[in-house]
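Computation of the quantities below employed the complete heavy-atom set of this structure, encompassing side-chain atoms and omitting hydrogens, waters and symmetry-equivalent molecules. Values in this document were obtained by computation on a predicted structure and should not be read as measured data. The chains referred to below are lettered A, B, ... by the order of the sequence lines, with proteins before strands, and numbering in each begins at 1.
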Amino acid sequence: METPLALTVGVLFACGLYLVMQRNLLRFVFGLLLLSGSVNLLIFTVGRLTRGAPAFVPSELSTPPGDVSNALPQALILTAIVIGFGLVVFAMILLLRTYERLGTVKTEELSAHLEAPRPVPMRHDDEAPA
Amino acid sequence: MPGGDRVLIAVLLAFGVALAAPVIVRVAGDRSGWVLALLPAGITAYLLSHGSRVAAGESIVERVAWVSALDIHLSMRLDGLSLVFALMIAGIGTAIVIYAGGYLRGDRQLPRFYLLLLAFMAAMLGVVLSDNLISLFVFWELTSITSYFLVGYKHEDETSRKSALQALLVTAGGGLAMLAGFLILGLVGGTFEISELLSDPEAIRGHEAYLAILLLVGLGALTKSAQWPFHFWLPNAMAAPTPVSAYLHSATMVKAGVYLLARLSPALGGTPAWFWLLTLAGAATMLAAGSLALLQRDSKRLLAYSTLIALGTLVMLIGVGTPGAISAMIVFLVGHALYKAPLFMVAGSVDHEAGSRDVTALRGLGRVMPITWITALVAGLSAGGLPPLFGFVAKELAYEGLFENPLLLGALIAASAVMVLIVYLVAWRPFAGREIHAPSAPHEAPLSMWLGPALLAAGGAVLGFAPWLIGDSLMVPAAAAVLGELHPFRLYLWHGFTLALGLSAVTVALGVVLVWRWRPVHDALRSRTLGWTFGPVGGYDALMAGLVRFAAWQTRVLQSDDLRHHMTIILGFTVALTGLTATFRGELAFDLRHEAGYFYEYIVLVLVGAAAISALRAHSRLVAITSLGVAGFGIAIVFVFFAAPDLAITQFLVETLIVIIVALVLIRLPRGSLRETSNGSVRAIAGTIAVAGGALFTVLTLAVTALPFDASLTTFFEAESYPAAQGRNIVNVILVDFRAIDTLGEITVLAVAASGAYALLRRSFGRRRDDVDTEDRSDRVHVERGGGA
C-alpha cells in the first residue's frame, strides 16, 4: 500500500509546487494547502501503516495489546495540521487586505506598487553644530 | 621567562592609550601631541633597553594562550628583525605624534585622529612582534582598517573616500589571500608558531603546497607593500593628512609586506620561484614608479613614487636573498625610514605654511623657512644617496648586494637617478631662489612641526658619519634573523674607490641630467598622457565597476520584486540541489513489492490525486475550492483507514473551517478566471520544477519506508503512556504531556496568527464603516468593488 500512497504524496506535492509558482495569489494559497496535505501524508506513510488498531491503551490494561498504529507521527501531524490551518487562514486574510488596499492579487501587479529604492543620503556625524 | 610578558604588555598598553586618546586630547588641548608622544617614546626606550640582549643573539619570546585548541597564541618574539622594525615604528611614531599635534592644530576631529593613529601604531607593533601567524594576521588586518579610516580622514571629500576604499580593498584583498596562505602553511608545518615553522624550512620548501603558499602569502605581502601591479593605491592614499602619509604610507605600514617576506624568507626563500617572484615584482615596481614619477608635480605624490621605488628595492633585495643583499636590505630599510619620513613632514609643513604642494608653484621658501629647508636638504641628500649621509651607505651596500645580478642592478641605478630628481623637486626647488612665490604668505613652521623631522634627518647625518653606531648592535642581528645564521658585516662611510662608488657617481650624473631636462620632459609627458589611465588602475576600476554591475544584475535576476519569480527561483534551486544530492549521495534503494491494499483505499487515493489536479486546472473559484475540500477530506479518510482517528477528526474539522473561511474571503475578491494567460516557457519551467519536486517526494517516501524501522520512541510512548501519564489515548498523551511545551508553542503560534488576522480584519472593516476616513479615494473604490463581487 506504500507505493500508491507515495504516488499520491508526489501528485499532491507537484500540484502544490505548481500553484505556489503562479501569479494569482489565490492559487498561491491553494498551493500552500496542497503542500501541507502532501507533507502530512508523507510523514504518516513513513511512520508505517497499521489497519484497524488505533493507538489506545484499553481500559483493563496498562499498555496496548500487540501492534497498534504508530502514535509518534500522528502527534507530529496533528500539530502540523493545526499550524497549517493557522497559516492558510492568515494568508487568506492577508490576501484579502492586499486586495482591498492595492486592488489586485496578481504578483506582478503587486510588485509594481513597490516603491523604487531611494538613495540613502550620506550622513556626516561629525558635522553636527559644534 | 625573565621579564614576563612585557613585550605583549607594551603592545596592549599602546592599544589602551589609543582608546584613551580622545579623552587625553580633550584634557591636553593643543599640547596633546607632546603628551601622547610619551607613549611611543616610552616604547622606544623600552625596546632600546633590550638592545644589548638582542645584539648578543638572544630572542625574547613570550606566549600567552589565546585559542589553544586551534594552536593560536598571542606569542611575541623580539629578535633582531623585530627590534629594527619596532624601533622604526615607535621612534618615527614619536616624531609623527608630535608633528601631527602642530599640523592638525585646532582640528575638531583631532581626538578621533589620535585614536586611530595610536591604534594603528599598536597594531603595527603587533605585526612585527607576533610569533604566531594568526595573531600576526589579526594585527595585519587592523593596520589595513585603521589605514582605511586615516586615508579617509577628510571624509567630506569624495576623492579621500574613494582612495581610502581603494587602499582598503587592495590591501585587505591581499590579506585574505595571505590568510589562506597562512592556513596552508600552518597545516603543512604542523604549527602556527612562526619560530617553529622557521626551524624546519625543508618540510615547507619540499612540500607540494609550497608554490600555493608562496603565491598566496606573496600576494598579501606584495599588495601591502604596494608592489606592481598593485602599486596604484599608494599614490592615491596621499589623500590622507601628511602625518599619516609620512607614517603609514612611507615608514611603517607599507613595510609590513617587506617585514613579512623577510620574516618568512628562512622558510619560504631560496627557491627559484621565490627569486623570480620577488625580483620581478620589485624591479617592475621600481621601474614603473620611476617612470610615473616624471608625471608628478605634487610633492606628496612625488614622495609616494619615491617610496614605491624604495619598496621595490627592498623586495628585490629580499628576493636575491644572498647575505650581501639581505644586509643591504636591512640598512636600506633604516636609511629610507630616516630620510623619507622627514621629507614627507617637510612637504606637509610647506603645504601647511605656504599653501601648496605643487613644486612648480613654490620658490624661495628657504628665506622664510630656514630650519625646514635645512631639514629638507639633509634628508634629501640622504635620499639622493650622497655622502656623507646614511642613505649613501645604504645605497652603496645595495649596489654591492646586486653585483651578481647586473640587470637588477641596472634597474636600481635607473630608479635611483629618478630619486635624485625627486629630491631636487621636493627639497631644493621650492626653497631656492631669491624671490618668494607661494599661494599664501609663508612663515617658518612651529617647533612641533620642525623638531621631529629635524631630529630624524640629523639621525641620518650622524649615522652617515658613524654607521658603526648601529652596525653590530642592530643591523647584523637583524640580517641574521632573516638569513637564519650570523653573517657579520661592517658599515663604512668610505669604502675607497670601488665599483659601487663609481656607480654612485653615474647615478648622480644621470640624476643631474634628469633635473636639467625635467621641465620639458615633464610637460611633454603630461600633455601626451592626459586622460590615459595606466593599466593596473584601469583594471581596478573595471573590476570595481564590474562588481557593482554583477551585483545589480544578480539582484535583479535572483531577487525580483515579483513573488512568482522568487518562488520559482527558490523552489527550483531547492528541488535541483536536493535531487542532485539524493541522486549522488543518498542511498535511494527501495522496492515496490508492498502488500496490496483494499480496493476502496485505492479509490480514495485516486480521488485525492484527481482532486488536486482539478484544483490546479480549475478556472472557476468554486471548482477549485470544492476540489481542495475533496482532497482534504480524502486525506482524512486515509487517516481513518490506517487507524489514526485523532488525525481524521482534526483534518475533517480543519478542512471544513478552511473551506468556509476561503469561501467567505472569496466573496469579497473579484470574479474572473483563476487561470492566467502566462506564456509557455514560464509554464514549462514551473511545470518542470513541480513534476521534479513531486517525483522527488515520491522517491523520498519510498526510500524512507524501505529503511529498517526504528520503533524505539514509539515503544517508549506506548509503554509509558498509561503508567506515567495516566492517559489511554497515546497520541493525546504525547501532545499534552510528553511534548507539552511543543503544544504550548503551537498554541502560541495560532494565537499570534489569530491576533494578526484580527488586526488585519479590524482595519479592513473599520475602513468600510468609516465614511469620513481620510484615506485616498482609489483605495475605497477597490473596497467597494471587492465588496460587491
Engineer: Sequence neighbours excluded, which residues qualify as side chain to side chain donor-acceptor pair (under 3.5 Å) partners of A:Ser69?
Structural biologist: A:Gln74

Engineer: Roughly how far, to the nearest 0.5 Å, is CG of B:Leu760 from CG of A:Leu95?
Structural biologist: 11.0 Å

Engineer: Run B:Tyr598 and B:Phe641 through ring pair (Phe, Tyr, Trp, His ring centres under 6.0 Å) and show every step you take.
Structural biologist: CA-CA 10 Å; B:Tyr598 298 99; B:Phe641 288 156; 8.7 Å; no

Engineer: Counting N and O atoms only, with roles assigned by atom type, does the side chain of A:Arg27 sit under 3.5 Å from a partner on the main chain of B:Leu616, one being a donor and the other an acceptor?
Structural biologist: yes

Engineer: Counting only N and O atoms by type, is there a donor-acceptor contact under 3.5 Å from the side chain of A:Arg48 to the main-chain atoms of B:Thr705?
Structural biologist: yes

Engineer: How close do B:Phe633 and B:Glu655 get, heavy atom to heavy atom, and via which atoms?
Structural biologist: N-CG, 3.9 Å

Engineer: Does B:Ser721 use its side chain to pair, donor to acceptor, with the backbone of B:Arg728 at less than 3.5 Å?
Structural biologist: no

Engineer: Any donor-acceptor pair under 3.5 Å linking the side chain of B:Ser627 with the backbone of B:Ala612?
Structural biologist: no

Engineer: Which bit of A:Ala55 is near chain B, if near means a heavy-atom gap under 4.5 Å: side chain, backbone, both or neither?
Structural biologist: both

Engineer: So, are A:Arg97 and A:Glu100 salt-bridged, with charged N and O less than 4.0 Å apart?
Structural biologist: yes

Engineer: Distance check, rounded to the nearest 0.5 Å: B:Leu571 atom CG versus B:His566 atom NE2?
Structural biologist: 11.0 Å

Engineer: So which of A:Leu17, A:Val39, A:Val57, A:Ile83 has the biggest tally of heavy-atom pairs under 4.5 Å with chain B?
Structural biologist: A:Val57

Engineer: Sort B:Ala596 into side chain, backbone, both or neither according to what part of it lies under 4.5 angstrom from a heavy atom of chain A.
Structural biologist: backbone

Engineer: Using heavy-atom distances under 4.5 Å, tell me whether A:Val68 contacts chain B through its side chain, its backbone, both, or neither.
Structural biologist: both

Engineer: Does any N or O in the side chain of B:Ser614 come within less than 3.5 Å of the main-chain N or O of B:Ala610, such that one atom is a donor and the other an acceptor?
Structural biologist: no

Engineer: Got a sec, which residues hit side chain to side chain donor-acceptor pair (under 3.5 Å) with B:Glu718, two or more places apart in sequence or on another chain?
Structural biologist: none

Engineer: Heavy-atom pairs under 4.5 Å with chain A: which of B:Val608, B:Leu707, B:Val654 has the most?
Structural biologist: B:Val654

Engineer: Select one option (side chain, backbone, both, neither) describing which atoms of A:Phe44 are under 4.5 Å from chain B's heavy atoms.
Structural biologist: side chain

Engineer: Do you know which of A:Val29, A:Leu25, A:Leu61 has the most heavy-atom pairs with chain B at a distance under 4.5 angstrom?
Structural biologist: A:Leu61

Engineer: I'd like to verify something: which residue of A:Leu33, A:Thr50, A:Leu42 has the highest number of heavy-atom pairs under 4.5 Å with chain B?
Structural biologist: A:Thr50

Engineer: Checking heavy atoms, do the side chain of A:Leu7, its backbone, both or neither come under 4.5 Å from chain B?
Structural biologist: both

Engineer: Is A:Leu78 close to chain B through its backbone or its side chain, or both, or neither, when contacts mean heavy atoms under 4.5 Å?
Structural biologist: both

Engineer: Using a 4.5 Å cut-off on heavy atoms from C-beta on, say whether the side chain of A:Ile93 contacts that of A:Val89.
Structural biologist: yes

Engineer: At a 4.5 Å cut-off on heavy atoms, which part of A:Leu72 comes close to chain B: side chain, backbone, both, or neither?
Structural biologist: both

Engineer: Which atoms of B:Ile661 are under 4.5 Å from chain A, going by heavy atoms: the side chain, the backbone, both sets, or neither?
Structural biologist: side chain

Engineer: Under 4.5 Å from any heavy atom of chain B, what part of A:Leu87 do you find: side chain, backbone, both or neither?
Structural biologist: neither

Engineer: At a 4.5 Å cut-off on heavy atoms, which part of B:Val662 comes close to chain A: side chain, backbone, both, or neither?
Structural biologist: both

Engineer: Of all of B:Ile635, B:Val752, B:Ile685, which one pairs up most often with chain A through heavy atoms under 4.5 Å apart?
Structural biologist: B:Ile635

Engineer: Of all of B:Leu664, B:Ile689, B:Val691, which one pairs up most often with chain A through heavy atoms under 4.5 Å apart?
Structural biologist: B:Ile689

Engineer: Can you tell which part of A:Thr104 gets under 4.5 Å to a heavy atom of chain B, answering side chain, backbone, both or neither?
Structural biologist: neither

Engineer: Please classify the contact of B:Leu563 with chain A as side chain, backbone, both or neither, using a heavy-atom distance under 4.5 Å.
Structural biologist: both

Engineer: Does any backbone or side-chain atom of A:Thr8 lie under 4.5 Å from a heavy atom of chain B? Answer side chain, backbone, both or neither.
Structural biologist: side chain

Engineer: Top residue by heavy-atom pair count (under 4.5 Å) with chain B, among A:Gly86, A:Pro58, A:Gly31?
Structural biologist: A:Pro58

Engineer: Highest number of heavy-atom pairs under 4.5 Å with chain B: which of A:Thr3, A:Val11, A:Val88, A:Val105?
Structural biologist: A:Thr3

Engineer: Report the option among A:Leu94, A:Ile81, A:Asn40 that has the most heavy-atom pairs separated by less than 4.5 Å from atoms of chain B.
Structural biologist: A:Ile81

Engineer: Is it the side chain or the backbone of B:Ile613 that comes within 4.5 Å of chain A heavy atoms, both, or neither?
Structural biologist: both

Engineer: Given that the side chain runs from C-beta out, which part of B:Ile734 has a heavy atom under 4.5 Å from chain A: side chain, backbone, both or neither?
Structural biologist: side chain

Engineer: Parallel, tilted or perpendicular: which one describes the rings of B:Phe697 and A:Phe13, with boundaries at 30° and 60°?
Structural biologist: parallel

Engineer: What part of B:Val699 lies closer than 4.5 angstrom to a heavy atom of chain A: side chain, backbone, both or neither?
Structural biologist: neither

Engineer: With chain A as the partner, which of B:Glu601, B:Arg617, B:Gln651 has the greatest number of non-hydrogen pairs under 4.5 Å?
Structural biologist: B:Glu601

Engineer: So what's closer than 4.5 Å to chain B heavy atoms on A:Ile43: side chain, backbone, both or neither?
Structural biologist: neither

Engineer: Would you say the side-chain atoms of A:Arg23 pair up with the backbone N or O of A:Thr107, donor to acceptor, closer than 3.5 Å?
Structural biologist: no

